[in-house]
Novice: 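Please read through the structure below; I'll follow up with questions.
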Amino acid sequence: MSASVPDTVRQMKTECTFCGRHFEVPVEYNGGTADCTSCGKTFVIAPRASHLLDGLNPEQIDAVTAPEGYVRVIAGAGTGKTRVLTRRLAYLIEELHIPADEILSVTFTNKAAREMDYRIRHLLGDSVRSRVSTFHGFCNTVLREDIHHLFYPNSFTIMDEEDQKLLLREIYAEMGLSSRDFSYKEVKSAISLFKKDTGYVADVVSPDASALRQGLSGEPMPRIIGAYLWKQRKNYFLDYDDLINFTLYLFATDTGVCGKWQDRLRYIQVDEFQDVNASQYELVTLLSGKHGNLFVVGDPDQTIYEWRGASVRFFLDFPAEKTVLLHRNYRSTPEILNTSNNLISHNKWHIENPLDALKERGVTPVFFSADWEHSESDWISRRLQEQHAKRPYSDCAILCRSLFLTRKIEEALVRKSIPYHIYNGTDFYKRQEIKDALCYLRLADGDDDLAFLRVVNTPRRGMGKKRISMLKEVAERDGVSLFRALSSLIGDRMFCQCSDFVALVERSRQQAAAGEAVSELLNAMLKDSGYEAAVMFEGDQDRKNNLEELKHAVYNLEKEAGEPVSLHDYLAQIALYSEREEERGRDSVKIMTIHAAKGLEFPCVFVAGLNEGTLPNSHAIRPEEVEQERRVAYVAFTRAEEELYLSCDNPERFNFSGDKMELSRFVNEIFPTINTEERK
DNA sequence: ATTTTCGAGATTTTT
DNA sequence: TCTCGAAAAT
């Protein structure tokens, strides 16, 4: 492909060393000389921003300084991908003088976004405000500003999975169905499929939304979907799929809004591009449609999210004007890389990009197979104790294909009293008590039926199924929210237990409107509702701590912001913001799934459960699925810096579905490159 | 209205 | 084997 890249002359700032006058000169002059137009003397252009390219290898520099346009960086594991992204961002800001807020960096996780933000501040100083965001976070920003163009309020509510379930449960009740007829999982995937294939957004945002009710009738499943959409629409709920779909629809139908964002974001860079799905791809191409600056980084061999709609083809078919290959691996020893390269080369579908090891020789990966007498988890814990002699436990990680596999390992570690921490993804804002607390706040912010349903009977206020359904009827009849309905019925003896609750919410709403601090509000609501007392009574220390932590988090946020944060803004942010989990467990072994370990690295890595049916997973045995499983294993192996330990459960055993847990084919594929440990 | 019991079903997970 | 959700029992 010979697409000619417009070779814009890039300018950099410099100043005359004699008279101090400021200039812009072409970047190529960096370190050379120039004649001052003011005093006429020849001065040396101080090499600027050389630190931006410090310690980078030629390919990395090539990527960082790549010209504008469509650039693709194929970066193998451990080749400094994140580094390139950060430096590129710094390069754009420092060298090309692009205002930081005209560059959008997209990541997949909040964690990665925070990491990126931290790094760029470290490089350029705290004052730099660059836009680093997840796909969903960015869409949220867009919609909070512009969704009113679709006749939706900017104060829409984001539903998480639990909210979705509540909604479905409600629909089941109305339609007289039970989860036996249709499992939630089934319905959820039907809904997301429906949302993927149709222009449903147009129906949802049309002023009367009548199409929703008429168009979907007859068969139960379409009716469920229709009811779901209708409920969403009625309450202005968006789920995570909607966030991106609405943004796409908005951009497609309103050229003004689309143009505004295109103008605003002159440069876009995307990390982990091998994991984008169709809508995400559409979003970034649309956004970069005007300025045409799209810089994507990824590794086809680390595509492990195909099951949720990702496709590498967007990365492979990327219309790149320039492609840079990174293959110098800084992370792992040659032995570990040898094993990893060996494994991945068994994929038919694979781009030749073997990693070059830069590290010194180390130790050969060790493999252990459990039997009836010697369990896998015992072997791992023995090896861990051995490791502890030379490094802290926190340098070790145990990676599993599935979360439930961690339980057995956990038991063994407890027995040997090895400190550990399981990263199970249930982050702070997903915990029950946190969600309950936030629902109280949501209720103070405005009528929110989901929040209402969640907290109206926690703590118990005698609101069971029957009274709730009565309430729903009244609400439906009068066309008001559940809370309104309840407050109008408060004289009724049946609902008298709730009078305090209603009073509390009313009072809180007034306080919120009067600009009361969120922390005060939260404190008061938790106390007066009796929620805190209920948690205390149940005596679960963890939950108490979590509540305290939430209060602290709110308080800190207010202190940091320096100005009062409105309840509304706070809630709008919170749904997409999940707090750090890192500080936990200082000197403890990290246990996590392979998927969760992506993007991380550890000196010493244990990969457990190398059995057929586990890795590769029994749900993924079609040839192309096995290739993905192989990539999962590849990701696991390449997390290791110095030592890699592989193990499998007793291959003679049978799992719960009656299959023999034979040795994983992946072990056979890498046999020449590993040492097998004898059982003793 | 809440607690107990029984049976089906069973990755990976971000937002 | 374990966990979750809905029917049955209190």
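Residue numbers start from 1 in every chain, and the chains themselves are labelled A, B, ... in the order their sequence lines are given, proteins ahead of strands. Computed from a predicted structure; not experimentally measured.
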Novice: Any chance you could lay out the side chain to side chain contact (heavy atoms under 4.5 Å, CB included) test for A:E669 and A:R630, step after step, and finish with the verdict?
Specialist: CA-CA 10 Å; A:E669 289 169 3; A:R630 196 177 278 112; 2.7 Å; yes

Novice: For the pair A:Y240 and A:H136, name the ring-plane relationship: parallel under 30°, tilted 30 to 60°, perpendicular over 60°.
Specialist: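 Ring orientation of A:Y240 relative to A:H136: perpendicular.
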
Novice: Over all strands shown, is A:N457 touching base, sugar-phosphate only, or nothing at heavy-atom distances under 4.0 angstrom?
Specialist: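 The residue A:N457 makes sugar-phosphate contact but no base contact.
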
Novice: Counting heavy atoms from C-beta on, name the nucleotide in B:dA1, B:dT15, B:dT14 closest to the side chain of A:R308.
Specialist: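 Shortest atom-to-atom distance from the side chain points to B:dT14.
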
Novice: Tell me the interatomic distance from A:F135, atom CZ, to B:dT13, atom C1', rounded to whole angstroms.
Specialist: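 Distance check: A:F135 CZ to B:dT13 C1' gives 16 Å.
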
Novice: Syn or anti for B:dT4, please, going by whether the chi angle lies within 90° of 0.
Specialist: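 You should classify B:dT4 as anti.
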
Novice: For the pair made of OH in A:Y184 and P in C:dC4, what is the distance, rounded to whole Å?
Specialist: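 Going from A:Y184 (OH) to C:dC4 (P), I get 14 Å.
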
Novice: Does the side chain of A:R407 get closer than 4.0 angstrom to OP1 or OP2 of C:dT3 through an N or O atom?
Specialist: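 Yes, within the criterion.
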
Novice: With 3.5 Å as the limit, what N/O pairs link the protein to nucleotides 3-10 of chain B?
Specialist:
none

Novice: If you assign each of A:D241 and A:V632 to its closest nucleotide in DNA chain B, which residue comes earlier from the 5' end?
Specialist: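 Here A:V632 is the residue nearer the 5' end.
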
Novice: With a 4.0 Å cut-off on N to O distance, would you call A:E162 and A:K165 a salt bridge?
Specialist: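 The answer is no: the pair does not qualify as a salt bridge.
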
Novice: Here's one to test your reading of the geometry: is the NZ or CZ of A:R144 within 45 degrees of the ring axis of A:F156 and under 6.0 Å from its centre?
Specialist: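 Yes; both conditions hold, so A:R144 lies above the ring face of A:F156.
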
Novice: Checking all strands, does A:K598 fall into the base, sugar-phosphate, or nothing category for heavy-atom contacts under 4.0 angstrom?
Specialist: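 Nothing: the residue A:K598, judged by heavy atoms under 4.0 Å, touches no strand.
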
Novice: Quick one: are A:E612 and A:L663 in side-chain contact, heavy atoms under 4.5 Å?
Specialist: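 When only atoms from C-beta onward are counted, A:L663 and A:E612 do not touch, as no gap falls below 4.5 Å.
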
Novice: Expressed in angstrom and rounded to an integer, what is the separation of A:I158 atom CD1 from B:dT15 atom C1'?
Specialist: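 After rounding, the gap between these two atoms is 8 Å.
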
Novice: Could you walk me through whether A:Y200 and A:N245 pass side-chain hydrogen bond (donor to acceptor under 3.5 Å, both in side chains), step by step?
Specialist: CA-CA 9 Å; A:Y200 74 102; A:N245 290 335; 3.0 Å; yes

Novice: Please tell me which of the listed nucleotides, B:dT14, B:dA1, B:dT12, lies nearest to the side chain of A:T109?
Specialist: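 Nearest nucleotide to the side chain: B:dT14.
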
Novice: With rounding to whole Å, what would you report as the distance between B:dT13 and C:dC4 at their P atoms?
Specialist: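 My reading of the P atoms in B:dT13 and C:dC4 gives 15 Å.
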
Novice: Taking CG from A:N140 and C1' from B:dT15, how many angstroms apart are they, rounded to a whole number?
Specialist: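 From A:N140 CG to B:dT15 C1': 10 Å.
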
Novice: Given B:dT13, B:dT15, B:dT11, identify the nucleotide with an atom nearest to the side chain of A:N110.
Specialist: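 In terms of side-chain proximity for A:N110, the closest of B:dT13, B:dT15, B:dT11 is B:dT15.
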
Novice: With heavy-atom distances below 4.5 Å as the criterion, would you say the side chains of A:V605 and A:F637 are in contact?
Specialist: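 A:V605 vs A:F637: side chains apart.
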
Novice: Please state the P separation for the pair B:dT12 and C:dG5 - nearest whole angstrom.
Specialist: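 The answer is 15 Å between these two P atoms.
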
Novice: Whole angstrom is fine here: how far is it from CZ in A:F404 over to C1' in B:dT13?
Specialist: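 Value for this atom pair: 16 Å.
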
Novice: Test for a donor-acceptor pair under 3.5 Å between the base of B:dT11 and the side chain of A:R401, counting only N and O atoms.
Specialist: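 Answer no: no donor N or O sits under 3.5 Å from an acceptor.
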
Novice: When you match A:I468 and A:N617 each to their closest nucleotide on DNA chain B, which lands nearer the 5' end?
Specialist: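 First, find each residue's nearest nucleotide; the 5'-ward one identifies A:I468.
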
Novice: Please give, in whole Å, the distance from B:dT14 P to A:Y305 OH?
Specialist: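 Atom OH in A:Y305 sits about 6 Å away from atom P in B:dT14.
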
Novice: Determine the contact category for A:E629: base if any of its heavy atoms lies under 4.0 Å from a base atom, sugar-phosphate if only primed atoms, P, OP1 or OP2 are that close, otherwise nothing.
Specialist: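 Base contact.
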
Novice: Could you tell me whether the phosphate oxygens of B:dT13, OP1 or OP2, come under 4.0 Å of any side-chain nitrogen or oxygen in A:T593?
Specialist: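 Yes.
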
Novice: Would you please determine if the base of B:dT12 is stacked by A:W307, with stacking meaning a centroid separation under 5.5 angstrom and planes under 30 degrees?
Specialist: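 Given the distance and angle limits, yes, they stack.
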
Novice: Just the rounded figure in Å: distance from P of C:dG5 to CZ of A:R169.
Specialist: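 Answer to the nearest Å: 6 Å.
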
Novice: Using whole Å, what does the distance between atom P of nucleotide C:dC2 and atom CG of A:L403 come to?
Specialist: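 Computing the A:L403:CG to C:dC2:P distance gives 16 Å.
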
Novice: Could you check whether A:R631 makes a cation-pi contact with A:Y634, meaning its NZ or CZ is under 6.0 Å from the centre of the six-membered ring and within 45° of the ring axis?
Specialist: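 Ring-cation test returns no.
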
Novice: Any strand counts, and the cut-off is 3.5 Å on both contacts for Watson-Crick or G-U wobble. Which nucleotide pairs with C:dC2?
Specialist: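 Pairing partner: B:dG9.
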
